[in-house]
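Every chain is numbered from 1, with letters handed out A, B, ... down the list of sequences.
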There are 2 protein chains.
Amino acid sequence: MASDQTRSAILAAAERLYADRGFGDVTLRDIVAEANVNLAAVNYHFGSKDELIAELFVTRSIQTNRERLNELKAAEERGGGRAAIEDIMRALVGPTLRGCLGPDREGSTAARFMIRASIESVPPIRRIKNREVDHLRKFAAAMRRAMPGRSDTELYWGLHFALAMAHHTIREKERLLRLSEGKCDLDDVAGIIDRVVTVTVMALTMGEMAASKPPARPTLVHGRLTRQDL
Amino acid sequence: MASDQTRSAILAAAERLYADRGFGDVTLRDIVAEANVNLAAVNYHFGSKDELIAELFVTRSIQTNRERLNELKAAEERGGGRAAIEDIMRALVGPTLRGCLGPDREGSTAARFMIRASIESVPPIRRIKNREVDHLRKFAAAMRRAMPGRSDTELYWGLHFALAMAHHTIREKERLLRLSEGKCDLDDVAGIIDRVVTVTVMALTMGEMAASKPPARPTLVHGRLTRQDL
DNA sequence: TTGCTTTTCAAACGTATGTATGAAACTATC
DNA sequence: GATAGTTTCATACATACGTTTGAAAAGCAA
């Protein structure tokens, strides 16, 4: 059918333009011009502008989530049902970082689009992101199996910090590059993944380490952090 | 002069509305209605809508940066010119986290405004954020003095990860709360600061470990697209 | 072909928005 | 209290935007 061609052309053009110029600067007229289709085609095929954006983001999110779960499953099979915590965290942050960072990814429209989505956070995308919690619960469950001793609170903070480091690196890679005057190599994706995973695993195993050697200012009691006055 | 009253009323109303409803949903007409001033007053006093937003953000940013530097200076004086790395990181993330988190801050318009600015990232604000690098360099310098053995690369990654955890916690506090089903106490600001500082110092202390020896091998798994996720 | 559905198209619609205008009201200095 | 400068106000402007419309074209089954 020719209708699929139009649909695909709109999707491709929209993703390219949004990736290059951001959501705020791209209008439907820009998109249909790039796709060489009629203006009304967007509303005919997608219903509205927001639904077009949502479809773009959902498609890419599903791909990432799929990769994450595949890596997690592979790690669990390797470990006979219980994956090592390092591999779990690697499965969590690896696909996103590999997808959005690295020198070969400069030309990838999908990657640049996802970076934009991470930075600008437009309403239709925010709505979809809110559903991501269910997906993350699978990783929380895997972490619980890998570290039975840790409390849920600690696991969630670890998961949260892992995503924080990964996403913030993607969001602010330009700034980090400028701040470090190029010393932080953002093309070394594997190194960055190792870095994030190592820090996260350390944070997760922190309780035990602190029991033997508590740090100076923030003190750990019963595996929990307690406040220290300024 | 009465003109200062109008100016202040606009600023207050704008900050309140932006904090509550976000930049995308608030028009100049909403603001002047809230402030009980004429529509033209915004352009008369600020030049344009973007300059109004910029002034709001600059004001709040300066406050945060001043608090950071004050804490840093206090820590350096305590240590006789060289602050402990824990205190440096605490000075970096403390003011932001205290400003944007905590139960008593629910009513703080300024805090909610800064959270919005962190999430939505509108053009005039992005422009200002790019200048933040100079401010961060002062913290990089303090870190270098506190940890002479560490390479600049490691220091920048530590600084970057500290900001990542702090900002991501502010940005995604709703999601973390939902994911952890309330187990992560986001009202315990001091505890969160301790957590971020501890993890960051650990990351900085481990240093060469992460750079030289990765903990596990990366496994590439490619996924196919289905609707079952998300 | 005929008749029906799906898709494309040019044009228009409605409106929300930031900004500009010019006169009126106000303020301060002499 | 007259004059010059500042601030306020109602109103208009321009126009960019997503969406809708209704007809034409294309596809398709009989």
Side-chain angles (χ1 to χ4, degrees), chain A residues 1-58 113 116-117 120-128, chain B residues 1-58 113 116-117 120-128:
Chain A
M1 292 182 209
S3 81
D4 274 358
Q5 278 178 24
T6 303
R7 246 188 89 92
S8 306
I10 292 172
L11 284 169
E15 186 168 46
R16 186 163 53 244
L17 288 180
Y18 284 142
D20 285 343
R21 293 157 42 190
F23 296 100
D25 278 356
V26 175
T27 71
L28 287 190
R29 283 170 175 82
D30 293 330
I31 293 171
V32 297
E34 178 88 359
N36 279 313
V37 300
N38 188 270
L39 174 60
V42 174
N43 286 277
Y44 178 80
H45 285 283
F46 297 94
S48 70
K49 182 194 186 182
D50 276 12
E51 289 174 85
L52 165 62
I53 294 177
E55 173 149 345
L56 279 172
F57 186 69
V58 165
F113 173 81
R116 279 285 178 197
E120 286 199 24
S121 183
V122 80
I125 288 181
R126 265 203 297 275
R127 276 191 288 271
I128 293 162
Chain B
M1 289 188 202
S3 82
D4 274 358
Q5 278 178 26
T6 303
R7 246 187 90 90
S8 307
I10 292 172
L11 285 169
E15 187 168 46
R16 186 162 52 243
L17 288 181
Y18 284 143
D20 285 344
R21 293 159 40 191
F23 296 100
D25 278 357
V26 176
T27 71
L28 287 189
R29 283 168 175 82
D30 294 331
I31 293 171
V32 297
E34 179 87 358
N36 279 315
V37 301
N38 188 270
L39 173 59
V42 174
N43 286 279
Y44 179 79
H45 285 282
F46 297 94
S48 70
K49 182 194 184 182
D50 277 12
E51 288 174 86
L52 166 61
I53 294 177
E55 172 148 347
L56 279 172
F57 186 70
V58 165
F113 173 81
R116 280 285 179 195
E120 287 198 27
S121 184
V122 81
I125 288 181
R126 264 203 298 275
R127 276 192 288 272
I128 295 161

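- A donor-acceptor pair under 3.5 Å is formed between the side chain of A:Asp30 and the backbone N or O of A:Thr27.
- The two residues B:Arg21 and B:Val26 come nearest to each other via the heavy atoms CB-CG2, 3.9 Å.
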Could you go step by step and tell me if B:Glu55 and B:Arg7 meet the salt bridge (charged side-chain N to carboxylate O under 4.0 Å, His left out) rule? CA-CA 11 Å; B:Glu55 172 148 347; B:Arg7 246 187 90 90; 2.3 Å; yes
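- DNA chain D lies under 4.0 Å from at least one heavy atom of each of the following residues of residues 26-37 of chain A: A:Thr27, A:Leu28, A:Arg29.
- The interatomic distance linking A:Asp4 (CG) with C:dT7 (P) rounds to 8 Å, in whole Å.
- D:dC9 atom P lies 10 Å from atom CD1 of B:Ile10, rounded to whole Å.
- Between B:Asp50 and B:Arg127 a salt bridge is recorded (basic side-chain N to carboxylate O distance below 4.0 Å).
- Considering only heavy atoms from C-beta on, B:Asp20 comes within 4.5 Å of B:Arg16 through its side chain.
- Computed from coordinates, the A:Tyr44 OH to C:dT7 P distance equals 4 Å when rounded to whole Å.
- Residue B:Thr6 places at least one side-chain N or O closer than 4.0 Å to OP1 or OP2 of D:dT8.
- Between B:Val42 and B:Leu52 the shortest heavy-atom distance is CG1-CD2, 4.2 Å.
- For A:His45 and C:dT8, the shortest distance from a side-chain N or O to OP1 or OP2 is below 4.0 Å.
- Here the straight-line distance linking atom CD1 of A:Ile31 with atom CD1 of A:Ile10 works out to 8.5 Å at 0.5 Å rounding.
- Straight-line distance from the CG atom of A:Leu52 to the C1' atom of D:dG18: 12 Å, rounded to whole Å.
- Across the protein-nucleic acid pair, B:Gln5 atom CD and C:dT27 atom P stand 10 Å apart, rounded to whole Å.
- If you check the side chains of B:Ser48 and B:Glu51, you find a donor sitting under 3.5 Å from an acceptor.
- Separating the CZ atom of B:Arg7 from the C1' atom of D:dT8 is a distance of 16 Å, rounded to the nearest angstrom.
- Rounded to a whole Å, the CZ atom of B:Phe23 is 13 Å from the P atom of C:dG18.
- In this pair, B:Phe23 and B:Phe113 present their aromatic rings perpendicular. The plane angle is above 60°, beyond the 30 to 60° band.
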Please produce a list of atom pairs where a protein N or O lies less than 3.5 Å from an N or O of nucleotides 20-26 of chain D.
none

